[in-house]
Amino acid sequence: MKTLLNFLAICLALFFSTSGFSQEFQGKAYYYSKSTLDLGAWGARMSQQQKNQVAARLKNRLEKTYVLSFNREESLYKEEVILDAISGATDSWGKNFTAGNQYRNVKMNRLVQNQEFYGKRFLIDDKLQLINWNMGTEQKQIGQYTCYKAVGLIPSSQLEWWSFSWDKLRKNDAKKENDSLTVSNSKESQIDTEVDDIEMIQIIAWYTPQIPVSHGPSEYWGLPGLILEVSANNTTILCSKVIINPKEQIEIEAPDKGKRVLKDEYSQIITQKMTEFRDNRMGRRTR
């Protein structure tokens, strides 16, 4: 498999050096995402009609559209904001836990992403998420492009690090409680326990060497061709249209406003703030 990866990488380099895909090569890819609604134990007590009503109300969170602007080395992934079909307003609560504009530079191994959390601006400046891809020979046609399948693994905590869920908070509380009750053992056993506790998520991606760039939607990148479809957890992202070298010049610039932090720092900030929010509400209820 490594031989195949190296061969494709060499082909990619030769393609860039001998074809019209120069530094000026640009493109735009349009994506839409679909997520299934997981209501957990709460959903088990609901009727199908109630589930449908909840799904309709959360449509803006379950179905989204994006634009990926890219050249050989850089890309910018942005969500297209759509008004709520019922109220005509934007999803202000969900906005706190959705991805901001994502700038990626594959040559410099750099991610810059802006996030707004309850009126405060943050600028996440970090390395790109490493994905260990296993590339096979299975293929399918997506539009006019021949795509190949690749399967990867990523820690669940890194998949949507900008997001938040009460379930994630409960797991964090349980981990803290377990850590406080655990008797200190040797360093080796502690490391083994930490490794075993890491939850990995499988990613299935379809990429096309016909567009020889290492970009893709959201966190996904690192294949010898543009990723046109990707599935992970309960979400699938599909490409609906690709425009190569549009007439208008594409400007790809990294976000530059907000407090500069790393991904882990940002995740800790929102977890801490939501813990305080929960504890304050529970404190008022018990008075």
Side-chain angles (χ1 to χ4, degrees), residues 27-38 55 58-71 74-82 91 94-95 97-104 106 111-115 124 128-136 138-165 199-244 250 252 263:
K28 279 192 174 185
Y30 296 81
Y31 294 87
Y32 64 95
S33 70
K34 290 189 175 183
S35 301
T36 56
L37 186 61
D38 183 7
L58 297 178
K59 183 179 176 64
N60 279 4
R61 299 190 196 181
L62 299 175
E63 298 180 13
K64 298 184 178 184
T65 57
Y66 303 86
V67 178
L68 177 72
S69 303
F70 59 88
N71 56 35
E74 302 170 289
S75 68
L76 184 64
Y77 187 62
K78 301 172 63 174
E79 179 183 350
E80 292 186 312
V81 179
I82 300 176
D91 182 4
K95 182 181 178 181
F97 310 111
T98 57
N101 296 341
Q102 297 171 307
Y103 167 86
R104 180 185 295 126
V106 297
L111 168 76
V112 182
Q113 182 167 323
N114 63 348
Q115 292 292 137
I124 291 78
L128 297 175
Q129 174 61 46
L130 179 63
I131 303 175
N132 294 318
W133 293 108
N134 181 14
M135 299 191 301
E138 186 178 348
Q139 60 180 274
K140 71 175 181 179
Q141 200 75 11
I142 298 180
Q144 61 181 328
Y145 300 103
T146 300
C147 297
Y148 294 86
K149 184 178 180 180
V151 179
L153 291 173
I154 187 173
S156 60
S157 61
Q158 297 299 315
L159 183 60
E160 292 185 349
W161 51 267
W162 61 84
S163 185
F164 171 84
S165 69
E199 180 184 358
M200 303 298 289
I201 300 296
Q202 184 184 69
I203 307 161
I204 298 177
W206 294 89
Y207 68 94
T208 176
Q210 291 173 258
I211 308 176
V213 294
S214 278
H215 302 304
S218 191
E219 297 294 287
Y220 312 111
W221 72 287
L223 289 167
L226 182 66
I227 297 174
L228 297 186
E229 181 180 325
V230 63
S231 299
N233 255 354
N234 65 332
T235 300
T236 298
I237 305 175
L238 306 102
C239 183
S240 59
K241 180 173 65 173
V242 179
I243 301 175
I244 301 298
I250 300 174
I252 301 177
K263 289 192 294 186

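No experiment lies behind these values; they were computed from the predicted model shown.
Here S231 pairs with T236 under the side chain to side chain contact (heavy atoms under 4.5 Å, CB included) rule; sequence neighbours left out.
In this structure, the separation between CH2 on W206 and CG on L226 is 15.0 Å, given to the nearest 0.5 Å. How far CG of L228 is from CD1 of I237: 12.0 Å, rounded to the nearest 0.5 Å. Expressed to the nearest 0.5 Å, how far CD of Q139 lies from SG of C147 amounts to 9.5 Å. Residue T208 holds its OG1 atom at 12.5 Å from CD of E229, rounded to the nearest 0.5 Å. The distance from the CD1 atom of I211 to the CD1 atom of I227 is 12.0 Å, given to the nearest 0.5 Å. Note: I201 CD1 to Q158 CD = 12.0 Å, rounded to the nearest 0.5 Å.
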Please test L223 against M135 for side-chain contact (heavy atoms from CB on, under 4.5 Å), starting from the C-alpha separation and ending with a verdict. CA-CA 9 Å; L223 289 167; M135 299 191 301; 3.7 Å; yes

side-chain contact (heavy atoms from CB on, under 4.5 Å), that's the test. Do L238 and I142 meet it? Break it down for me. CA-CA 9 Å; L238 306 102; I142 298 180; over 6 Å; no

Between Y207 and V230, does the side-chain contact (heavy atoms from CB on, under 4.5 Å) criterion hold? Intermediate values first, please. CA-CA 9 Å; Y207 68 94; V230 63; over 6 Å; no

Does the pair K149 and K140 meet the rule for a side-chain contact (heavy atoms from CB on, under 4.5 Å), with working shown? CA-CA 8 Å; K149 184 178 180 180; K140 71 175 181 179; over 6 Å; no

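Contact between I250 and G27 at its shortest, heavy atoms only, is CD1-O, 3.5 Å. Between Q210 and T146, the shortest heavy-atom contact is OE1-N, 2.6 Å. Nearest approach of C239 to K241, heavy atoms of both residues: SG-O, 3.5 Å. When all heavy atoms are compared, the tightest approach of S218 to W162 is OG-CH2, 3.8 Å.
You'll find the side chain of E219 reaches within 4.5 Å of the side chain of Q102, heavy atoms only. At least one side-chain heavy atom of W161 sits under 4.5 Å from a side-chain heavy atom of I124. Annotation: side chain of P155 is in contact with side chain of M200 (closest heavy-atom distance under 4.5 Å). Taking 4.5 Å as the limit, every side-chain heavy atom of E80 sits out of range of all side-chain heavy atoms of Y32.
The backbone N or O of I131 lies less than 3.5 Å from no partner atom in the side chain of W221, so there is not a single donor-acceptor pair. S69 places no side-chain N or O within 3.5 Å of a backbone atom of K28 that could act as its donor or acceptor partner. With hydrogens and angles ignored, the 3.5 Å screen pairs a side-chain donor or acceptor of H215 with a backbone N or O of N71. At distances below 3.5 Å, at least one donor-acceptor pair connects side-chain atoms of N114 with backbone N or O atoms of N101. Looking only at distances, a side-chain donor or acceptor of R104 sits under 3.5 Å from a matching main-chain atom of G216. Looking only at distances, a side-chain donor or acceptor of Q115 sits under 3.5 Å from a matching main-chain atom of T98.
Between Y77 and the options Y220, Y66, Y103, F70, a ring pair (Phe, Tyr, Trp, His ring centres under 6.0 Å) holds for only Y66.
Heavy atoms from other residues, nucleotides or ligands lying under 6.0 Å from NZ of K263 number more than 12.
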